[in-house]
Amino acid sequence: MTTGPRRVEPPLRGDEITTLRTFLDYHRDTLRWKTAGLTAAQLRTPLPPSTMTLGGLLKHLAYVESNWFQVVLAGRDALPPFDTVDWSDDPDWDWHSAHADSPDALRALLDAAVSASDEVLETALAAGGLDELSVRESRHGDGRFSVRWILTHMIEEYARHNGHADLLREALDGETGE
(Lines give C-alpha, C1' and ligand atoms only; values in the text may rest on other atoms or scores of the structure.)
Protein backbone atom coordinates (compact mmCIF):
# COMPACT_ATOMS: atom_id res chain seq x y z
CA MET A 1 0.00 0.00 0.00
CA THR A 2 1.64 3.18 -1.10
CA THR A 3 -1.18 5.70 -0.69
CA GLY A 4 -2.45 7.27 2.50
CA PRO A 5 -1.22 9.48 5.30
CA ARG A 6 2.30 9.42 6.63
CA ARG A 7 2.32 7.57 9.92
CA VAL A 8 4.58 8.83 12.67
CA GLU A 9 6.23 6.02 14.61
CA PRO A 10 5.72 6.18 18.39
CA PRO A 11 8.89 7.12 20.30
CA LEU A 12 11.00 4.35 21.76
CA ARG A 13 11.54 6.21 25.03
CA GLY A 14 8.68 8.67 25.42
CA ASP A 15 6.85 9.44 28.63
CA GLU A 16 3.58 7.60 29.24
CA ILE A 17 1.25 10.28 27.86
CA THR A 18 3.33 10.75 24.71
CA THR A 19 3.62 7.01 24.16
CA LEU A 20 -0.11 6.35 24.54
CA ARG A 21 -1.14 9.31 22.40
CA THR A 22 1.29 8.56 19.59
CA PHE A 23 0.32 4.88 19.52
CA LEU A 24 -3.33 5.94 19.21
CA ASP A 25 -2.47 8.40 16.43
CA TYR A 26 -0.39 5.73 14.68
CA HIS A 27 -3.35 3.35 14.66
CA ARG A 28 -5.74 6.09 13.55
CA ASP A 29 -3.43 6.80 10.62
CA THR A 30 -3.14 3.08 9.89
CA LEU A 31 -6.91 2.87 9.36
CA ARG A 32 -6.77 5.92 7.11
CA TRP A 33 -3.93 4.27 5.17
CA LYS A 34 -5.79 0.96 4.82
CA THR A 35 -8.85 2.74 3.39
CA ALA A 36 -7.07 5.35 1.26
CA GLY A 37 -7.86 5.57 -2.44
CA LEU A 38 -10.86 3.24 -2.36
CA THR A 39 -14.13 3.91 -4.16
CA ALA A 40 -17.57 3.87 -2.57
CA ALA A 41 -18.20 0.42 -4.06
CA GLN A 42 -14.95 -0.90 -2.58
CA LEU A 43 -15.73 0.59 0.85
CA ARG A 44 -19.10 -1.24 0.73
CA THR A 45 -17.67 -4.63 -0.25
CA PRO A 46 -17.65 -7.30 2.48
CA LEU A 47 -15.43 -10.36 2.70
CA PRO A 48 -17.93 -13.21 3.17
CA PRO A 49 -19.01 -14.79 5.37
CA SER A 50 -18.58 -11.54 7.34
CA THR A 51 -20.70 -8.49 6.54
CA MET A 52 -17.92 -6.17 7.74
CA THR A 53 -16.78 -3.51 5.27
CA LEU A 54 -14.02 -0.93 5.27
CA GLY A 55 -16.65 1.82 5.13
CA GLY A 56 -18.31 0.24 8.14
CA LEU A 57 -14.97 0.26 9.94
CA LEU A 58 -14.51 3.97 9.27
CA LYS A 59 -17.97 4.81 10.58
CA HIS A 60 -17.76 2.41 13.52
CA LEU A 61 -14.46 3.87 14.69
CA ALA A 62 -15.86 7.40 14.35
CA TYR A 63 -18.67 6.24 16.64
CA VAL A 64 -16.23 4.61 19.06
CA GLU A 65 -14.24 7.88 19.21
CA SER A 66 -17.45 9.82 19.91
CA ASN A 67 -18.67 7.37 22.52
CA TRP A 68 -15.48 7.04 24.55
CA PHE A 69 -14.30 10.64 24.47
CA GLN A 70 -17.49 12.72 24.17
CA VAL A 71 -19.99 10.52 26.00
CA VAL A 72 -17.99 8.53 28.56
CA LEU A 73 -15.03 10.80 29.31
CA ALA A 74 -16.67 14.23 29.00
CA GLY A 75 -20.31 13.31 29.78
CA ARG A 76 -21.58 15.02 26.63
CA ASP A 77 -23.98 13.90 23.92
CA ALA A 78 -22.57 11.82 21.10
CA LEU A 79 -21.45 13.69 18.01
CA PRO A 80 -23.76 13.88 14.99
CA PRO A 81 -24.99 11.68 13.39
CA PHE A 82 -24.66 9.29 16.34
CA ASP A 83 -26.66 11.53 18.67
CA THR A 84 -29.97 10.88 16.85
CA VAL A 85 -29.67 7.14 16.20
CA ASP A 86 -32.20 4.77 17.73
CA TRP A 87 -29.58 2.26 18.90
CA SER A 88 -32.27 -0.03 20.37
CA ASP A 89 -33.74 -0.39 16.86
CA ASP A 90 -30.35 -1.20 15.25
CA PRO A 91 -27.41 -1.68 17.66
CA ASP A 92 -25.09 -1.98 14.64
CA TRP A 93 -26.37 1.12 12.86
CA ASP A 94 -22.85 2.50 12.42
CA TRP A 95 -21.86 -0.62 10.46
CA HIS A 96 -25.11 -0.93 8.47
CA SER A 97 -25.56 2.70 7.50
CA ALA A 98 -22.06 3.23 6.12
CA HIS A 99 -23.04 1.79 2.72
CA ALA A 100 -25.06 4.94 2.04
CA ASP A 101 -22.15 7.31 2.77
CA SER A 102 -19.60 8.55 0.27
CA PRO A 103 -15.91 7.88 0.85
CA ASP A 104 -15.35 11.60 1.51
CA ALA A 105 -18.20 11.68 4.04
CA LEU A 106 -16.87 8.62 5.87
CA ARG A 107 -13.35 10.02 6.03
CA ALA A 108 -14.61 13.44 7.14
CA LEU A 109 -16.73 11.82 9.86
CA LEU A 110 -13.73 9.95 11.25
CA ASP A 111 -11.52 13.04 11.06
CA ALA A 112 -14.14 15.19 12.84
CA ALA A 113 -14.56 12.56 15.56
CA VAL A 114 -10.79 12.30 16.05
CA SER A 115 -10.45 16.08 16.26
CA ALA A 116 -13.26 16.34 18.82
CA SER A 117 -11.76 13.45 20.78
CA ASP A 118 -8.37 15.14 20.90
CA GLU A 119 -9.95 18.32 22.28
CA VAL A 120 -11.67 16.37 25.07
CA LEU A 121 -8.47 14.48 25.76
CA GLU A 122 -6.43 17.69 26.04
CA THR A 123 -8.91 19.06 28.58
CA ALA A 124 -8.87 15.86 30.63
CA LEU A 125 -5.08 15.61 30.60
CA ALA A 126 -4.77 19.25 31.70
CA ALA A 127 -7.21 18.62 34.55
CA GLY A 128 -5.74 15.42 35.99
CA GLY A 129 -3.41 13.70 33.60
CA LEU A 130 -3.79 10.01 32.88
CA ASP A 131 -5.46 9.49 36.27
CA GLU A 132 -8.33 11.89 35.45
CA LEU A 133 -11.62 10.00 35.68
CA SER A 134 -14.47 9.92 33.21
CA VAL A 135 -17.79 11.60 33.95
CA ARG A 136 -19.71 8.43 33.12
CA GLU A 137 -19.35 5.19 35.01
CA SER A 138 -18.90 1.69 33.66
CA ARG A 139 -22.19 0.05 32.70
CA HIS A 140 -21.07 -2.87 34.87
CA GLY A 141 -21.15 -0.70 37.98
CA ASP A 142 -17.43 -0.79 38.76
CA GLY A 143 -16.84 2.95 38.69
CA ARG A 144 -15.40 5.52 36.34
CA PHE A 145 -12.66 5.03 33.77
CA SER A 146 -9.23 6.66 33.93
CA VAL A 147 -7.93 8.49 30.87
CA ARG A 148 -5.12 5.90 30.85
CA TRP A 149 -7.70 3.09 30.54
CA ILE A 150 -9.60 4.88 27.77
CA LEU A 151 -6.43 5.53 25.75
CA THR A 152 -5.31 1.93 26.15
CA HIS A 153 -8.75 0.68 25.14
CA MET A 154 -8.80 2.92 22.07
CA ILE A 155 -5.40 1.60 20.97
CA GLU A 156 -6.75 -1.95 21.38
CA GLU A 157 -9.91 -1.08 19.44
CA TYR A 158 -8.01 0.38 16.50
CA ALA A 159 -5.37 -2.36 16.49
CA ARG A 160 -8.04 -5.09 16.36
CA HIS A 161 -9.97 -3.38 13.59
CA ASN A 162 -6.81 -2.58 11.64
CA GLY A 163 -6.27 -6.35 11.48
CA HIS A 164 -9.73 -6.65 9.95
CA ALA A 165 -8.85 -3.83 7.54
CA ASP A 166 -5.74 -5.74 6.41
CA LEU A 167 -7.84 -8.72 5.39
CA LEU A 168 -10.57 -6.67 3.74
CA ARG A 169 -8.14 -4.53 1.76
CA GLU A 170 -6.16 -7.51 0.51
CA ALA A 171 -9.38 -9.22 -0.59
CA LEU A 172 -10.49 -6.07 -2.45
CA ASP A 173 -7.45 -5.23 -4.51
CA GLY A 174 -4.53 -7.37 -3.35
CA GLU A 175 -2.89 -4.46 -1.55
CA THR A 176 -1.03 -5.45 1.58
CA GLY A 177 0.95 -3.56 4.14
CA GLU A 178 2.20 -3.87 7.66
Side-chain angles (χ1 to χ4, degrees), residues 1-12 14-40 42-44 52-74 76 78-83 92-95 97-98 101-126 129-130 132 134 145-170 172-173 175-178:
M1 249 174 266
T2 57
T3 59
R6 181 174 170 269
R7 297 178 301 161
V8 176
E9 296 280 338
L12 299 178
D15 61 56
E16 189 178 10
I17 291 173
T18 302
T19 300
L20 289 170
R21 291 195 71 183
T22 55
F23 262 99
L24 179 56
D25 286 341
Y26 180 83
H27 281 289
R28 287 166 167 168
D29 286 342
T30 298
L31 181 66
R32 290 178 179 113
W33 178 46
K34 298 289 180 185
T35 59
L38 296 176
T39 66
Q42 289 171 313
L43 288 174
R44 286 192 294 264
M52 186 181 294
T53 66
L54 286 168
L57 277 172
L58 286 166
K59 196 164 192 174
H60 171 69
L61 283 161
Y63 168 68
V64 169
E65 290 270 358
S66 174
N67 185 63
W68 279 104
F69 289 102
Q70 299 297 316
V71 177
V72 175
L73 184 56
R76 300 176 185 165
L79 296 172
F82 309 113
D83 58 338
D92 291 325
W93 177 87
D94 46 341
W95 293 97
S97 64
D101 298 319
S102 72
D104 288 344
L106 289 167
R107 291 181 181 106
L109 183 64
L110 179 66
D111 289 345
V114 166
S115 179
S117 295
D118 285 345
E119 289 177 24
V120 168
L121 181 58
E122 283 297 323
T123 300
L125 288 170
L130 292 171
E132 180 71 6
S134 64
F145 300 91
S146 70
V147 169
R148 179 183 291 102
W149 191 98
I150 292 170
L151 282 170
T152 303
H153 175 68
M154 290 299 296
I155 292 165
E156 177 272 333
E157 184 84 14
Y158 272 96
R160 181 167 40 91
H161 286 312
N162 282 336
H164 298 135
D166 281 337
L167 296 172
L168 289 164
R169 181 67 190 248
E170 185 174 4
L172 280 174
D173 62 8
E175 288 287 331
T176 60
E178 297 175 32

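Small disclaimer: the values here were computed from a predicted structure and weren't measured. Because only heavy atoms are used, hydrogens play no part in the values below, and waters and symmetry mates are left out as well, while side chains stay in.
Using a 4.5 Å heavy-atom cutoff, the side chains of L57 and T35 are not in contact. Proximity of F82 to N67: side-chain heavy atoms (C-beta onward) are nowhere separated by under 4.5 Å. Under the 4.5 Å side-chain criterion, counting only non-hydrogen atoms from C-beta, T19 is not in contact with P10. Counting heavy atoms from C-beta on, the side chains of F145 and H153 never come closer than 4.5 Å. With a 4.5 Å cut-off on side-chain heavy atoms, L61 and L31 count as touching. Using a 4.5 Å heavy-atom cutoff, the side chains of I150 and F69 are in contact. At least one side-chain heavy atom of T22 sits under 4.5 Å from a side-chain heavy atom of P11. Within the 4.5 Å cutoff, the side chain of Y158 has no heavy atoms near those of the T30 side chain.
A pairwise comparison of heavy atoms in N162 and H27 identifies ND2-O, 3.1 Å as the closest pair. In this structure, W95 and T53 approach most closely via the heavy-atom pair CZ3-O, 4.2 Å. Closest of all the heavy-atom pairs between L168 and M52 is CD2-O, 3.5 Å. Heavy-atom minimum distance, P80 versus L109: O-CD1, 3.8 Å. Smallest separation of non-hydrogen atoms from T39 and P103: C-CG, 3.8 Å. Scanning all heavy atoms of the two residues, the minimum distance from R107 to G37 falls at NH2-N, 3.7 Å.
No donor-acceptor distance shorter than 3.5 angstrom exists from the side chain of R76 to the backbone of Q70, with no hydrogens or angles considered. Checking side-chain atoms of S66 against main-chain N and O of A113 turns up no donor-acceptor pair under 3.5 Å.
To the nearest 0.5 Å, the span separating CZ on R169 from CH2 on W33 amounts to 9.5 Å. The OG atom of S134 sits 7.5 Å away from the CH2 atom of W68 when rounded to the nearest 0.5 Å.
Of the N and O atoms on the side chains of H60 and E157, at least one donor lies less than 3.5 Å from an acceptor on the other residue. When only modelled atom types and interatomic distance are considered, E170 and T176 share no side-chain donor-acceptor pair under 3.5 Å. Side-chain atoms of D15 and T18 form a donor-acceptor pair, as typed in the model, at a separation below 3.5 Å.
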| message | Walk me through whether R21 and E16 qualify under salt bridge (Lys or Arg N to Asp or Glu O under 4.0 Å). | response | CA-CA 8 Å; R21 291 195 71 183; E16 189 178 10; over 6 Å; no
| task | Given salt bridge (Lys or Arg N to Asp or Glu O under 4.0 Å), test R32 with D111 step by step and report yes or no. | result | CA-CA 9 Å; R32 290 178 179 113; D111 289 345; 2.9 Å; yes
| said: Assess the residue pair R28 and D118 against the criterion (salt bridge (Lys or Arg N to Asp or Glu O under 4.0 Å)); give the C-alpha distance rounded to whole Å, side-chain angles, the decisive distance to 0.1 Å, and a yes or no. | reply: CA-CA 12 Å; R28 287 166 167 168; D118 285 345; 2.9 Å; yes
| From CA spacing to verdict: side-chain contact (heavy atoms from CB on, under 4.5 Å), L172, L54 | CA-CA 10 Å; L172 280 174; L54 286 168; 3.5 Å; yes
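A side-chain contact (heavy atoms from CB on, under 4.5 Å) with K59 is found for one member of D101, L43, L110, V64 and no other, namely D101. L20 pairs with exactly one of V147, T152, L121, D25 by the side-chain contact (heavy atoms from CB on, under 4.5 Å) rule, that one being T152.
Salt bridge absent: K34 and E175 never bring a charged side-chain N and a carboxylate O closer than 4.0 Å. Residues E132 and R148 are not paired through a salt bridge, judged by the lack of any N-O separation under 4.0 Å between the basic side chain and the carboxylate.
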